[in-house]
Amino acid sequence: MGEKTIPMLPCRTLQPILDFYTVLGFEATFQQKSPNPYAVVERGGIQLHFFGMKAYEPTESYSTCLIYTDDIDGLHEAFRTSLKAAYGRVPIRGLPRIGTLRDTSHGVRQFLMTDPSGNCLRIGQQTSREHHHRPAPKGTFPRALHHALLFADSRDDPAAAAKVLDRALHTKDEHPTPVQSLRLLVLRADVARRLGDEETATSALTQAAAVPLTPQQRESAHDDLERLKELRS
């Protein structure tokens, strides 16, 4: 069978899109200015098509596509490095932006990246044959992290994630493990940044950096420690 699916994504104008994807190592393989603006970018096995819409509003976009790779860590690092070189920092809010690398509850290790036109690319690598979301874990803190991550990433609702995290962080009769505490605080700082709440972000980052971890705990919290480093830079 020779079928192939290619996403066609909207943008207001082509040039910002072409500039952004060129930074990420894509090549513009086709560009048409009239009668209708249209462009194609390619990087390895990834091919994306874009069409121009004058009335399009990037901040109100719901357009997205799913990309699978067999080297999610390498691709995430390559994109982060390229974006930092181009923008002087890794953009984590606004447009464009790139999210953290996470292991999801449905057997995929992934990150989200949103381009200047508000198109969200969900880039992942399968880690399990089970594609259904696993049930929310038991326990106050694992459950809070589970739901907060769904709000923050899958639903793009950082305000709801913040409420879940604040309830967990202010629990009086239970205490999280050091790794749970780190993960809660790093995610709280992440969603605070997305909400423009720099005071809360700074406080959470300071607390997260002070959490004592053993070498084994640091290994299990590798992704969160990398995100902590990124958010503090």
Side-chain angles (χ1 to χ4, degrees), residues 2-104 108-127 152-156 158 190 193-194 196 223 226-227 229-231 233:
E3 292 79 7
K4 183 177 182 180
T5 300
I6 298 173
M8 298 171 63
L9 304 170
C11 63
R12 184 180 294 167
T13 57
L14 293 176
Q15 199 56 52
I17 282 290
L18 294 175
D19 292 343
F20 176 75
Y21 284 97
T22 298
V23 162
L24 295 175
F26 285 76
E27 179 185 359
T29 56
F30 177 80
Q31 182 176 0
Q32 170 183 286
K33 295 183 179 181
S34 63
N36 300 302
Y38 199 91
V40 178
V41 298
E42 298 185 53
R43 185 187 194 276
I46 305 172
Q47 183 178 136
L48 303 172
H49 291 212
F50 296 92
F51 59 94
M53 296 176 60
K54 289 182 179 180
Y56 179 71
E57 177 48 60
T59 59
E60 298 177 1
S61 174
Y62 288 93
S63 59
T64 187
C65 70
L66 176 62
I67 297 170
Y68 276 121
T69 176
D70 58 6
D71 184 18
I72 189 66
D73 288 78
L75 196 57
H76 184 252
E77 182 58 31
F79 284 173
R80 286 180 70 258
T81 299
S82 296
L83 290 171
K84 186 173 184 178
Y87 294 94
R89 59 181 177 81
V90 178
I92 61 173
R93 61 176 173 172
L95 296 177
R97 64 181 180 271
I98 186 171
T100 191
L101 193 55
R102 302 190 193 281
D103 292 306
T104 71
V108 175
R109 183 165 171 77
Q110 70 173 24
F111 66 95
L112 307 184
M113 184 173 68
T114 305
D115 68 23
S117 289
N119 300 301
C120 178
L121 276 58
R122 188 179 296 267
I123 305 171
Q125 181 173 356
Q126 288 185 239
T127 56
D153 292 342
S154 296
R155 300 186 187 179
D156 193 22
D190 193 335
R193 281 273 173 86
R194 296 192 217 177
D223 289 346
E226 287 299 307
R227 187 59 167 172
K229 184 189 305 182
E230 183 177 286
L231 289 167
S233 63

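Predicted model, so just to flag it, every value in this text is computed and none were measured.
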Quiz item: Distance from R122 atom CZ to D153 atom CG, nearest 0.5 Å?
Solution: 7.5 Å
Quiz item: Under 4.0 Å between a Lys/Arg side-chain N and an Asp/Glu carboxylate O for D73 and R109?
Solution: yes
Exercise. Say whether, by atom type as modelled, one donor and one acceptor occur between the side chain of R194 and the main chain of A152 under 3.5 angstrom.
Key: yes
Quiz item: Side chains of F20 and L83: closer than 4.5 Å at any heavy-atom pair?
Solution: yes
Self-check item: Atom of C11, atom of S117 and distance for their closest heavy-atom approach
Solution: CB-OG, 3.0 Å
Quiz item: Is there a donor-acceptor contact under 3.5 Å from the side chain of H76 to the main chain of G99?
Solution: yes
Exercise. Mind listing the closest non-hydrogen atom pair of L48 and I46 along with its distance?
Key: CG-CG2, 4.1 Å
Quiz item: V108 versus Y68: any side-chain heavy-atom pair under 4.5 Å?
Solution: yes
Quiz item: Going through the distances and angles, do D223 and R227 end up as a salt bridge (charged side-chain N to carboxylate O under 4.0 Å, His left out)?
Solution: CA-CA 6 Å; D223 289 346; R227 187 59 167 172; over 6 Å; no
Practice problem: Could you label the plane-to-plane angle of the H49 and Y38 rings as parallel, tilted or perpendicular, counting under 30° as parallel and over 60° as perpendicular? | Solution: perpendicular
Practice problem: Please report the shortest heavy-atom distance between R80 and I98, naming the atom on each side. | Solution: CG-CD1, 4.0 Å
Quiz item: Between R12 and D115, is there a salt bridge with N-O shorter than 4.0 Å?
Solution: no
Exercise. Could you check if a side-chain atom of S63 sits within less than 4.5 angstrom of a side-chain atom of Y56, using non-hydrogen atoms only?
Key: yes
Quiz item: Do the side chains of Q47 and K4 get nearer than 4.5 Å, heavy atoms only?
Solution: yes
Self-check item: Check: L24 main-chain N/O paired with R43 side-chain donor or acceptor under 3.5 Å
Solution: yes
Quiz item: Any side-chain donor-acceptor pair under 3.5 Å between Q32 and N36?
Solution: no
Quiz prompt | Any donor-acceptor N/O pair, R97 side chain to G94 backbone, under 3.5 Å | solution = yes
Quiz item: Do any N or O atoms from the side chain of N119 and from the backbone of P10 form a donor-acceptor pair under 3.5 angstrom?
Solution: yes
Self-check item: Nearest-0.5 Å distance, CZ of residue F50 to CZ of residue F30
Solution: 14.0 Å
Quiz item: Going by heavy atoms in the side chains, are L14 and Q31 under 4.5 Å from each other?
Solution: yes
